[in-house]
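Before any comments, here is the structure.
Note that these values count all heavy atoms, side chains included, but never hydrogens, waters or copies made by symmetry. In the text below, chain A, chain B and the rest are named by the order of the sequence lines, each starting its count at 1. All values derive from a computational prediction rather than experimental measurement.
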Amino acid sequence: MRHLLIIAATLFAATASAETPRDFLTRFEKEAGTAASAQRGARFFTSKQGGEWSCSSCHTDKPTQAGRHAKTDKAITPLAPAANAERFTDAAKVDKWFRRNCNDTLNRVCRAQEKADVMAWLLSLR
Amino acid sequence: MKKLLPAALLLVALTAQADSYSLPKHAAFEEECSSCHMAYPPQMLHADSWRAMMGDLSHHFGSDASIDDKRRVAITNFLLANAGGRKTGDTRDAQGKPLLRITQTARFDKKHREVPAATWQRASIKSPANCGACHTRAAAGEYSERWVQIPK
């Protein structure tokens, strides 16, 4: 019994650290309490939200493509999961980058609804 | 003359040596500090500059570069352990405050004196912080003139 518990706990820990992009859409929708809109996400992503940059300043307005950092010019791999399997597979990374990049583009943290919309749009890109 | 040549060669070798940096390995440093720009050699700034920089990552040259505390402490310790020595020169401003920009240090200034202001503005270079634009082997810690190629 004790062994089974350890195996179950290990399995849970292993799966908990590997999310899929859809998991984040589900999580943000749940936090927001409403369904996401890919169309709203596209508008949010590609237009300035109060800061000097929009998301697309670095990620381009077609995030299936590679981007470039607006200031340092460093290459950025595609953000859309369809073009880059590594994106949105690690909750710690996702939370870190939403925190930083929302602060840079909106001068505040993003609302769950905004993150859900962006996820819905990114997931719709092929 | 015959004696002078080896001496001259040695001098050239020594100067070249002075422009290359050994790149100490640190997984968290490499991952966190090279997501937006290249991971600059820790030897390019003294410990007080790194301490000041790592103490305010939420305001990192106009960007939020905050990371979790555990990693922040680990990377800070790594930077302090590998920070600059004598050849790094003066990395403080006129008021004696530690500089945060490598590009404002005396050594950087001296080494780049012959680069005209307009060159830095080129789209292919974009910023003096973009070492790799001209120093073709910057990623390997090699900054000697031999490996400089200024793009058009």
Side-chain angles (χ1 to χ4, degrees), chain A residues 13 16-19 44-45 48-60 63 65-81 83-111 114-115 118, chain B residues 27-41 44 53-75 100-104 108 119-136 138-140 149-152:
Chain A
S17 63
E19 281 91 359
F44 178 85
F45 193 94
K48 287 187 186 175
Q49 304 292 326
E52 193 187 331
W53 297 336
S54 68
C55 309
S56 56
S57 301
C58 296
H59 292 292
T60 82
Q65 299 173 342
R68 278 194 174 278
H69 194 284
K71 198 165 168 186
T72 68
D73 213 31
K74 182 158 170 119
I76 298 174
T77 57
L79 186 59
N84 186 351
E86 280 179 35
R87 294 293 192 179
F88 303 99
T89 55
D90 178 337
K93 275 192 186 169
V94 170
D95 290 338
K96 177 179 83 174
W97 285 104
F98 266 123
R99 180 185 73 235
R100 292 173 166 188
N101 294 356
C102 291
N103 267 332
D104 282 351
T105 50
L106 292 83
N107 303 313
R108 61 166 173 81
V109 294
C110 285
R111 288 188 270 274
E114 291 163 336
K115 292 191 272 189
V118 165
Chain B
F29 163 73
E30 281 155 45
E31 189 191 330
E32 296 293 351
C33 304
S34 70
S35 3
C36 300
H37 53 69
M38 69 167 287
Y40 301 107
M44 286 189 174
M53 194 181 307
M54 295 303 287
D56 190 15
L57 285 176
S58 302
H59 304 95
H60 188 66
F61 306 107
S63 274
D64 181 350
S66 54
I67 53 174
D68 68 79
D69 250 13
K70 208 177 134 198
R71 285 200 139 187
R72 191 179 58 80
V73 170
I75 294 171
L100 302 188
R101 289 185 195 274
I102 293 164
T103 54
Q104 288 176 344
F108 184 95
T119 305
W120 300 111
Q121 311 294 321
R122 288 181 192 165
S124 51
I125 298 175
K126 224 167 171 176
S127 148
N130 189 7
C131 307
C134 305
H135 296 275
T136 56
Q149 199 163 25
I150 299 175
K152 292 255 180 283

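Between the NZ atom in A/K93 and the OG atom in B/S35 there is a gap of 8.5 Å [rounded to 0.5 Å]. Rounding to the nearest 0.5 Å gives a distance of 11.5 Å between CG of B/N130 and NE2 of A/H69. Expressed to the nearest 0.5 Å, how far SG of B/C36 lies from NZ of A/K71 amounts to 10.5 Å. Between B/D68 atom CG and A/K96 atom NZ the span is 8.0 Å, to the nearest 0.5 Å.
Along residues 59-66 of chain B, the residues that come nearer than 4.5 angstrom to chain A, judged on non-hydrogen atoms, are B/F61, B/G62, B/S63, B/D64, B/A65, B/S66 in order of number. Using non-hydrogen atoms only and a strict 4.5 Å limit, the part of residues 50-60 of chain A facing chain B consists of A/W53.
In this structure, no portion of B/I125 lies under 4.5 Å from any heavy atom of chain A.
Closest approach of B/E32 and A/R100 over heavy atoms only: OE1-NH2, 3.7 Å.
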